[in-house]
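Notes to accompany the following structure.
Basis for what follows: all heavy atoms, side chains included, without hydrogens, waters or symmetry-related copies.
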Amino acid sequence: MRQALHHSDSTWTSPDGAGREAVQTPRAAGFPTRTIFDRAGRELAVSLRVSSVFAQPPAIANPRETARALAPILGQSARELQARLNTDKPFVWLQRQLEPRQAEAIGDLGLKGIGLVPESRRYYPRQDLASHVLGAVGLDDRGLEGVEHLYDDLLGGSRNS
């Protein structure tokens with residue numbers, strides 16, 4: 001069985017357990033590629049670029065109006081958002097891993113104290129195929145189980161801070 005793990009500038013393959021071979025591939029600028037392929041070269045797991053929205057409550061002049069503007073985009077109640085914006089905390093997540101249309105709509109609002117941060121979301125194009133072997137990643141894009149965990153360093157999930 002031949003499997004490939006793709007990360008950034010290199011692809012590591014293990015043909016029938018005979019070792020690893022590095023093949024140079026182009027890297028998406030500024031975005032880690034975490035792709036796992038099957039032996040036929042079909043994608044089993046890929047990372048998609050998404051955005052998450054956060055608030056810096058002390059910088060928001062009118063939490064009520066800000067909440068009203070964001071509520072229909074995020075699909076949350078304005079009252080709940082306003083409660084989260086009325087805090088002394090310097091940073092609050094409002095929603096992680098937005099759909100692209102949501103991120104664009106929020107960006108278009110240009111609200112002071114509201115920001116978007118790029119993240120990645122794991123996608124499994126073949127759904128449940130080999131899911132018990134592939135495992136899973138957390139919101140921080142680190143492998144939690146299976147191949148995702150075993151090859152986390154090669155896939156780019158481990159970050160040195």
Side-chain angles (χ1 to χ4, degrees), residues 1-57 70-77 80-81 84-85 87 89-109 113-161:
M1 182 170 148
R2 180 180 171 149
Q3 298 174 340
L5 303 173
H6 180 221
H7 172 277
S8 303
D9 295 323
S10 300
T11 298
W12 294 271
T13 61
S14 180
D16 299 319
R20 292 191 181 135
E21 157 194 346
V23 179
Q24 294 301 312
T25 58
R27 179 179 183 194
F31 185 72
T33 304
R34 294 179 50 104
T35 304
I36 300 174
F37 300 93
D38 69 8
R39 67 182 179 179
R42 293 175 297 228
E43 293 175 331
L44 294 176
V46 296
S47 289
L48 304 175
R49 183 178 291 221
V50 296
S51 294
S52 292
V53 63
F54 65 90
Q56 295 173 310
L70 291 172
I73 298 169
L74 297 177
Q76 299 179 26
S77 79
E80 177 185 310
L81 283 169
R84 293 172 66 197
L85 297 175
T87 181
K89 293 180 181 178
F91 179 93
V92 178
W93 283 115
L94 298 180
Q95 191 166 318
R96 304 288 298 267
Q97 300 186 344
L98 301 170
E99 294 297 323
R101 63 177 172 70
Q102 291 175 298
E104 184 178 349
I106 290 169
D108 289 347
L109 291 174
I114 301 297
L116 295 166
V117 63
E119 293 187 307
S120 67
R121 174 173 44 204
R122 204 64 168 147
Y123 173 66
Y124 300 92
R126 301 174 79 58
Q127 285 105 21
D128 294 336
L129 180 70
S131 61
H132 61 289
V133 175
L134 289 173
V137 297
L139 279 176
D140 62 356
D141 211 27
R142 295 185 119 169
L144 300 176
E145 300 173 11
V147 170
E148 298 276 19
H149 177 69
L150 183 64
Y151 292 106
D152 193 54
D153 288 341
L154 294 178
L155 291 167
S158 293
R159 313 238 192 315
N160 295 332
S161 32

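Within the 4.5 Å cutoff, the side chain of Leu94 has heavy atoms near those of the Ile114 side chain. Two residues are said to be in side-chain contact when any heavy atoms from C-beta on lie closer than 4.5 Å; Val117 and Trp93 meet this criterion. Between Pro57 and Val92 the shortest side-chain heavy-atom distance falls below 4.5 Å. Residues Val46 and Leu48 have side chains in contact (heavy-atom distance under 4.5 Å, counting atoms from C-beta outward). Between Arg42 and Phe37, every side-chain heavy-atom pair lies at or beyond the 4.5 Å cut-off. Looking at heavy atoms from C-beta onward, Ile106 lies in side-chain contact with Leu70 at the 4.5 angstrom threshold. Within the 4.5 Å cutoff, no side-chain heavy atoms of Ile73 are placed close to those of Val53.
Side chains of Thr35 and Glu43: a donor-acceptor N/O pair is absent below 3.5 angstrom, by distance only.
Not a single donor-acceptor pair under 3.5 Å links the side chain of Asp152 to the backbone N or O of Arg142. A donor-acceptor pair is defined here as one N or O able to donate and one able to accept, closer than 3.5 Å; no such pair exists between the side chain of Gln76 and the backbone of Gln95.
Residues Ser51 and Ala103 come closest through the heavy atom pair CB-CB, 3.8 Å. Taking both residues in full, the closest heavy atoms of His149 and Leu144 are given as CB-C, 3.6 Å, listed atom of the first, atom of the second, then distance. Scanning both residues, Leu129 and Leu134, for their nearest heavy atoms gives O-CD1, 3.9 Å. Nearest heavy-atom pair across Leu85 and Ala55 is CD2-CB, 3.5 Å.
Atom CG of residue Leu44 and atom CG of residue Asp38 lie 4.5 Å apart, to the nearest 0.5 angstrom. The distance from atom OG of Ser52 to atom CG of Leu116, rounded to the nearest 0.5 Å, is 8.5 Å. Atom CD of Glu119 and atom CD of Gln97 lie 6.0 Å apart (nearest 0.5 Å).
Other residues, nucleotides and ligands contribute only 12 or fewer heavy atoms inside 6.0 Å of the CD atom of Glu104.
One finds a salt bridge joining Glu148 and Arg122 here, because a Lys/Arg side-chain nitrogen approaches an Asp/Glu carboxylate oxygen to under 4.0 Å.
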